[in-house]
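A short write-up of the structure that comes next.
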There are 2 protein chains.
Amino acid sequence: MKPLSTEKERRILQVARDVFLEKGKQGARMQEIAQRAGVNKAMLHYYFRSKEQLYAKVLEAEVTQFVRHLLDAVPEEGDFFQFLEVFVKSYIQKVAASPQLVRFILWEVRDNVQVLGRVLQHIFQGEPVKNSPFFIRIQTAIAAGEIRPVEPLHLFLNVLSMCVYPFLMAPLLETVIPGLDVQASQFIHQREQEILQLIEKGLRPENQRETGE
Amino acid sequence: MKPLSTEKERRILQVARDVFLEKGKQGARMQEIAQRAGVNKAMLHYYFRSKEQLYAKVLEAEVTQFVRHLLDAVPEEGDFFQFLEVFVKSYIQKVAASPQLVRFILWEVRDNVQVLGRVLQHIFQGEPVKNSPFFIRIQTAIAAGEIRPVEPLHLFLNVLSMCVYPFLMAPLLETVIPGLDVQASQFIHQREQEILQLIEKGLRPENQRETGE
DNA sequence: GTCTATAAGTCGATAGAC
DNA sequence: GTCTATCGACTTATAGAC
């Protein structure tokens, strides 16, 4: 469908992505992108016409990536707590490896909500998000008595928050707690365990009396 | 100590705060700050010399605010779960009311870690953060058997994450889930309840066998 | 396709009158 | 203290030679 991008075009996009994620739309400089990509500044405009359009390409790709990271972390098999373990570990893996993506999305998407709309439309094809695997799994688990009744949206938010936020605040955390390194596998492993334990114990079904019919 | 700021100076600072929080350091325009404050652009430089210094003043004030929000949400009295309830409710209250502050801090502090360092030094006077009220409360609660043993840092992160992150992603959430309004008191109340329930059940001490010595 | 040179516009900052 | 006018630096974008 698309004419294949040239090697040079891909290199520019790759570098543009790095620069935009670091500096944001306003802070990024076409000059810097050109230099780091090893091409002339005029080439950027030859391939992408304007900063606006280059940014648009990067933003859309990264929003897609952001959503995919989430979906790719949702396993297809296993009971609820296996599902949870796989999800937490895969998602933390991704967020810890490149927290810049989350930082960038949270900062930039606010002024570009339409992009998110388009990407979601493309990925979910109009299917409501409440019917996506993550929510289905929660509802099924509740119905089966695997976990106590909770509001699926809030459980989703709780898991997500605990996986992401600490890595978002990494620069602050590491200033406050001198010895800390959030990228270290020791810290990452501790987080996985603490999150999973909190959720597992926190969702344990109430001492089962007979469930009403 | 400080000569009292004039009315006009305060108005400029107030507007500058709004603009910087909305657009970031790079995106903010002195022109816009001047207009919205109802003064001439030259006045900005008369009072604050440069954009750099105006920004520095705003950033330091907001970082301080960010830390204070946290500390002010920590109550002095009550048992552990009362403490938790007060904290979650007060902190969510603040974050929900102005998520821009968190967004701004997470985006900007990365390139200005020194500011955070200075603010913390000023607030904590060199006292390690691990000795701050929040951590003490957790340690005390564990020692007293009120809650099961957990890593204090991670419990702190878990609570914080669940209180903040959903409001950070509000623009995304509200796109994904059409009917949602995260500022609505209904949503806020639901979050408080879901967080508190998860934590309370998740931290319940194990069926006490004799604790080893 | 690639480069140099430069146009066109924006923004922070200041000079200087009042 | 306040305003207008403008400078000078920087940034995106393009014209035009090769």
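Every heavy atom of this structure was used, including side-chain atoms; hydrogens, water molecules and symmetry mates were not. Residue numbering restarts at 1 for every chain, and letters A, B, ... go by the order of the sequence lines.
At whole-Å resolution of the value, CZ in A:Phe48 and C1' in D:dA13 are 16 Å apart. Look at OH on A:Tyr46: it is 9 Å from C1' on C:dT2, rounded to the nearest Å. Taking atom NZ on A:Lys51 and atom C1' on C:dG9, their separation rounds to 14 Å, with Å as the unit. Rounded to a whole Å, the CD atom of A:Gln26 is 12 Å from the C1' atom of C:dT10. Nucleotide C:dT10 holds its P atom 15 Å from the NZ atom of B:Lys23, rounded to whole Å. Rounded to an integer number of Å, the gap from CD of B:Gln53 to C1' of C:dG12 is 13 Å.
Within a 6.0 Å radius of CD in A:Gln93, other residues, nucleotides and ligands contribute 12 heavy atoms or fewer. Within a 6.0 Å radius of CD in B:Glu7, more than 12 heavy atoms belonging to other residues, nucleotides or ligands are found.
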Stepwise ring-ring contact (aromatic ring centres under 6.0 Å, His included) check, A:Phe66 with A:Phe104: CA-CA 10 Å; A:Phe66 181 77; A:Phe104 173 75; over 10 Å; no
What pairs of donor and acceptor atoms, side-chain ones from residues 148-175 of chain B against any protein atom, are under 3.5 angstrom apart with sequence neighbours left out?
from: B:Arg148; atom 1: NE; to: B:Gly202; atom 2: O; distance (Å): 2.7
from: B:Arg148; atom 1: NH2; to: B:Gly202; atom 2: O; distance (Å): 3.1
from: B:His154; atom 1: ND1; to: A:Arg191; atom 2: NH1; distance (Å): 3.0
from: B:His154; atom 1: NE2; to: A:Gln190; atom 2: OE1; distance (Å): 2.9
from: B:Asn158; atom 1: OD1; to: A:Arg191; atom 2: NH2; distance (Å): 2.4
from: B:Asn158; atom 1: ND2; to: B:His154; atom 2: O; distance (Å): 3.2
from: B:Ser161; atom 1: OG; to: B:Leu157; atom 2: O; distance (Å): 2.5
from: B:Glu174; atom 1: OE2; to: B:Val182; atom 2: N; distance (Å): 3.0
from: B:Thr175; atom 1: OG1; to: B:Pro171; atom 2: O; distance (Å): 2.8

Atom pairs and distances, side-chain donor-acceptor, residues 113-127 of chain A, under 3.5 Å, sequence neighbours left out:
from: A:Arg118; atom 1: NH1; to: A:Glu60; atom 2: OE1; distance (Å): 2.8
from: A:Gln125; atom 1: NE2; to: A:His122; atom 2: O; distance (Å): 3.3
from: A:Glu127; atom 1: OE2; to: A:Asn131; atom 2: ND2; distance (Å): 3.4

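Within residues 28-44 of chain B, the residues approaching DNA chain D are B:Asn40, B:Ala42, B:Met43, by heavy-atom distance under 4.0 Å.
The nearest pair of heavy atoms linking B:Tyr55 to B:Glu108 is OH-OE1, 2.6 Å.
A:Tyr47 comes within 4.0 angstrom of sugar-phosphate atoms only, judged by non-hydrogen atoms across all strands, and of no base.
Side-chain nitrogen and oxygen atoms of B:His45 include at least one within less than 4.0 Å of the OP1 or OP2 phosphate oxygen of C:dA13.
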